[in-house]
Amino acid sequence: MSADDFLPGQIVDEPPSTAEVLANITVDKLDDSVKKWLNDQNTQTLNGALAFVPFILQQAYYEGQLDEKQIVIHKGSGGVVFSDASGFTALTETLAKKSNGAELLSQCLTAFFTPLIDLINAYRGDTIKFSGDALTIYFPSVDDTKSSAFNGIVPPHGSFGLDDLGPMATAVLRASACCIEIHKRLHMFETGVDGVTLCLHIGLGCGDISILQVGGVVPPETHIARIEYLISGAPLEQISIAEPLAKNGETCLSPQAWELVKDCVIEGRPIEDRMDFHLLLRMDESKYTFPTIKYATQLYDSRAENCFKLGQLEITRRYIPSAVFKQIECGTLPYVNEMRKISVIFINGSGLDVMSPDGPKQAQELMSSVQKVCYSHEGTLNKFLIDDKGMLFLLVFGLPPLVHPDDPARAVLASMELVKVFKRLNLIGRFGVTTGRSYCGVCGSAKRMEYTVLGDCVNLSARLMANAPPLSVLADEETSRHTTGEMHFKALAPIKVKGKANPIPIFQPMPREANGVCGVTLDRKIRFPWYDHLLDGSSLTSKDPVTAAKAKVQHLCSIHKWTANMKVAEMLGGSFNKALHSPDSTIGTSPVRAKAPAGSPFADGGLVVIEGATGTGKIELAEHIVAHCATQFQTMPVFGTMGPRPGESTRMAIELLRSTVAVHRLLNQSLPPEDAQALEKLLPQQHAGSLEMLTDLVEERALADTAAVLDVALKVWIWPQIEERGRWRDWTPTPWGSDQKPYEPPDLQVERVWFGSLAPSVSE
């Protein structure tokens with residue numbers, strides 16, 4: 001096995017824990033009847049789980065290729081079919097309005113996909129991926145004459161008296177016969193819902209393929225690493241052209257596939273725009289028929305020998321969403337089917353060739369990066385595939401158990417973060433974000449299914465993705481209405497998209513522009529970081545955040561009987577003064593410097609911790625403390641805040657550096673106004689080698705190694721105290737509120753915590 005076939009950075013399987021060992025010992029001591037019941041339950045779970053795992057993955061396991069650290073798990077050849085269904089959008093929209101819409105849609109999906117997948121399996125097709133209502137199917141090239149089941153009488157293609165076509169041609173013949181029979185049996189399929197019918201148009205290609213498994217990042221709701229698999233190779237490029245050339249009820253073959261079966265089938269109408277692609281009309285029944293091809297295919301089908309057994313049940317969890325696997329275990333899988341409001345991200349990626357020598361490693365890096373961003377925002381990565389639209393990702397926010405009121409905002413923030421990922425990897429990404437009510441549930445049959453999302457919202461996301469410029473995000477109107485103030489939406493010209501009669505309004509989400517100043521300003525005012533970045537993720541709608549924030553402080557902290565406020569007043573040695581929070585209030589202008597009470601952390605140094613439930617005034621109380629200390633005790637404010645969003649540690653480091661530079665700039669106004677230039681002058685000699693890295697940080701550029709940059713930033717920040725300049729010689733970090741802890745006491749708790757090394761006393 002070469003090093004190229006392994007996942008970089010994967011966690012090695014840990015040895016069984018003590019609890020697991022004890023559990024096994026306990027099982028051994030159980031009564032036989034109990035063991036049988038457990039075995040039956042696990043068998044039932046396995047049967048349900050196998051429907052989510054393609055045959056080729058199970059085969060790879062028995063070939064020793066399914067190790068979690070391995071990327072390429074199968075290399076082979078054969079026919080590849082992409083089957084796209086029409087009518088599901090109308091069906092989903094119609095049923096979404098009904099109270100039992102999810103149940104009815106699930107019944108329609110099962111009624112349609114059950115005979116479809118039965119036909120695919122009968123011709124030895126392996127359904128690799130569901131792309132919403134479309135399927136990607138692999139017909140492997142296998143030499144049946146070398147099978148132990150081969151009897152030497154029935155040829156692999158099933159027709160006596162005709163020469164063997166060879167493994168590849170036989171695979172394409174089976175795929176062709178399967179496609180034609182699918183059209184015969186399922187074209188214009190009656191759903192029984194308001195006259196809606198379903199039909200398929202199909203593309204067929206052939207050639208060498210690879211099956212990859214990528215990812216391996218653990219989602220927040222489980223302890224099982226999530227792995228995605230995909231099929232890649234030349235046939236995918238062929239079907240990306242062939243499938244759109246086929247109309248409903250038609251199958252289009254690539255030139256490579258046609259060359260192998262042109263003497264076995266009858267051609268349909270010519271395709272004027274692409275004469276090298278060919279439509280299937282029917283089998284040449286003078287040579288080959290459906291029953292004979294199907295009989296021979298099933299006669300030599302040995303896939304049942306390589307299916308997962310009970311010992312491999314745990315492996316299936318890598319490929320199944322945790323919420324779905326739980327329902328499989330409980331025997332309640334139909335309960336996952338529902339209509340719910342979700343936010344969807346469709347991503348189209350280009351610039352990565354997974355068939356190149358470095359392609360698998362690049363695919364792994366891309367997938368693990370996308371997983372990390374998605375999971376950090378507590379979303380779900382529902383699909384990763386290569387189909388007629390290229391390399392596609394489908395991310396969903398709002399699926400159980402990770403449901404949040406701000407899922408639209410999370411989807412947009414994740415998209416903007418993913419743009420940086422694609423830039424870092426030198427790839428092109430286009431992003432579409434939409435929000436709406438959609439079907440969320442299983443799609444397929446009892447033999448092969450996937451958990452997916454269907455509906456107008458999902459389709460619109462794909463349309464916006466297709467219209468987005470490179471490395472840009474487009475959002476729909478519904479998503480733009482659910483902003484949390486962390487971003488704003490720029491209205492663009494409405495566009496016309498497939499499936500919509502009228503042009504639809506579109507928006508470009510953009511991060512909210514911060515003031516750029518953090519800490520003390522040159523006019524001796526304090527710019528608190530939460531004026532520009534809310535710590536609790538709530539909406540920021542005020543056009544004047546400074547005035548709005550000060551008004552909150554004046555209103556809340558003027559309540560003298562508030563327990564937390566009384567505790568703070570005791571530490572500060574004085575009650576709340578509204579004048580300190582007027583828009584014109586400045587620091588360091590009073591000739592008299594007050595002293596904090598003896599034993600107070602503001603006199604002797606220390607750390608104040610404020611904790612409590614969200615919305616109980618922690619930020620306002622912290623602002624009151626900082627303003628009082630700066631104006632009365634003439635201390636210098638330095639900030640480092642973190643909110644609930646991912647990546648907040650970067651923001652904390654930026655604020656620490658910017659607010660510290662701001663203190664220097666106030667004491668020495670000859671420093672450059674740009675933080676990066678000022679940092680260059682202030683940086684101690686021993687940290688000069690880190691200047692470029694820190695400049696990227698304060699200017700908020702994409703960071704190659706965030707952890708390393710943060711480590712350097714914190715080391716640089718804790719440099720020797722500011723040299724004596726005028727009145728201020730020493731400084732202390734200021735207390736700040738935190739929304740990070742889940743602990744929620746009935747009222748705010750204000751405690752003094754000593755931390756002397758970072759909080760030297762203030763001298764006269």
Side-chain angles (χ1 to χ4, degrees), residues 89 93 96 341-350 373-374 377 379 389 392-398 404-423 428-438 453 455-516 531-534 537-548 643 645 647 700 702:
T89 300
E93 289 181 358
K341 189 172 185 179
I342 57 174
S343 293
V344 176
I345 308 175
F346 244 117
I347 308 172
N348 173 252
S350 58
V373 172
C374 178
H377 289 273
K389 298 179 180 65
L392 294 179
F393 297 83
L394 176 60
L395 281 61
V396 186
F397 292 77
H404 316 85
D406 62 344
D407 277 320
R410 289 171 182 262
V412 173
L413 291 171
S415 296
M416 293 191 290
E417 193 171 339
L418 286 169
V419 169
K420 297 178 182 178
V421 169
F422 276 74
K423 283 183 179 179
I428 300 299
R430 293 175 168 84
F431 303 78
V433 185
T434 55
T435 300
R437 186 172 168 83
S438 303
V453 290
D456 181 61
C457 160
V458 182
N459 294 337
L460 182 57
S461 178
R463 307 286 184 254
L464 296 186
M465 171 197 73
N467 283 274
L471 297 172
S472 295
V473 182
L474 293 183
D476 68 338
E477 187 173 18
E478 183 68 14
T479 301
S480 72
R481 292 173 180 167
H482 292 83
T483 177
T484 58
E486 298 160 278
M487 69 212 76
H488 69 273
F489 291 83
K490 178 183 178 183
L492 304 178
I495 60 172
K496 191 81 171 64
V497 299
K498 179 182 177 182
K500 297 290 182 182
N502 300 317
I504 62 166
I506 60 172
F507 300 82
Q508 181 181 7
M510 305 177 71
R512 187 175 179 273
E513 295 181 6
N515 181 271
Y531 290 169
D532 302 299
H533 300 286
L534 294 179
S538 60
S539 298
L540 180 61
T541 57
S542 173
K543 295 182 179 179
D544 186 358
V546 177
T547 301
R645 300 300 187 195
E700 301 187 41

| query | Donor-acceptor pair, K341 side chain versus S438 backbone, under 3.5 Å? | reply | no
| field | K423 atom NZ, over 12 foreign heavy atoms within 6.0 Å | value | no
| Given side chains that start at C-beta, do those of F397 and L395 come closer than 4.5 Å, heavy atoms only? | yes
| query | Looking at side-chain heavy atoms only, is the closest gap between R430 and P469 below 4.5 Å? | reply | no
| field | Distance (rounded to the nearest 0.5 Å) between S415 OG and M487 CE | value | 10.0 Å
| query | If you look at every heavy atom in V473 and P509, which pair is closest and at what distance? | reply | O-CD, 3.3 Å
| task | Starting at NE2 of H377, measure out to CZ of R410 and round the result to the nearest 0.5 Å. | result | 8.5 Å
| Which value, rounded to the nearest 0.5 Å, describes the distance between M416 atom CE and L471 atom CG? | 14.5 Å
| field | Spatial distance of atom OG1 (T479) from atom CZ (F507) [nearest 0.5 Å] | value | 10.0 Å
| I495 versus L464: any side-chain heavy-atom pair under 4.5 Å? | yes
| query | Are the side chains of L492 and L474 in touch, meaning some heavy atoms are under 4.5 Å apart? | reply | yes
| said: In the structure I gave you, are the side-chain heavy atoms of D476 and I504 within less than 4.5 Å of one another anywhere? | reply: no
| Basic-acidic side-chain contact under 4.0 Å: K500, D456 | yes
| field | CD on E477 to NE2 on H482, rounded to 0.5 Å | value | 11.0 Å
| request: Indicate yes or no: at least one non-hydrogen side-chain atom of T435 is less than 4.5 angstrom from one of R481. | output: no
| query | Quick one: CZ on F489 to CD1 on I506, what's the gap to the nearest 0.5 Å? | reply | 13.0 Å
| query | Do the side chains of F393 and L418 get nearer than 4.5 Å, heavy atoms only? | reply | no
| field | Heavy-atom closest contact (A411 atom, I345 atom, distance) | value | O-CD1, 3.2 Å
| request: Considering non-hydrogen atoms only, spot the tightest contact between P494 and P503 and give its length. | output: CB-CB, 3.8 Å
| task | Please examine the side chains of L394 and V344, heavy atoms only from C-beta on, and report whether any two atoms are closer than 4.5 Å. | result | yes
| note | Correct closest heavy-atom pair for V546 and Y531 would be CG2-CD1, 3.6 Å
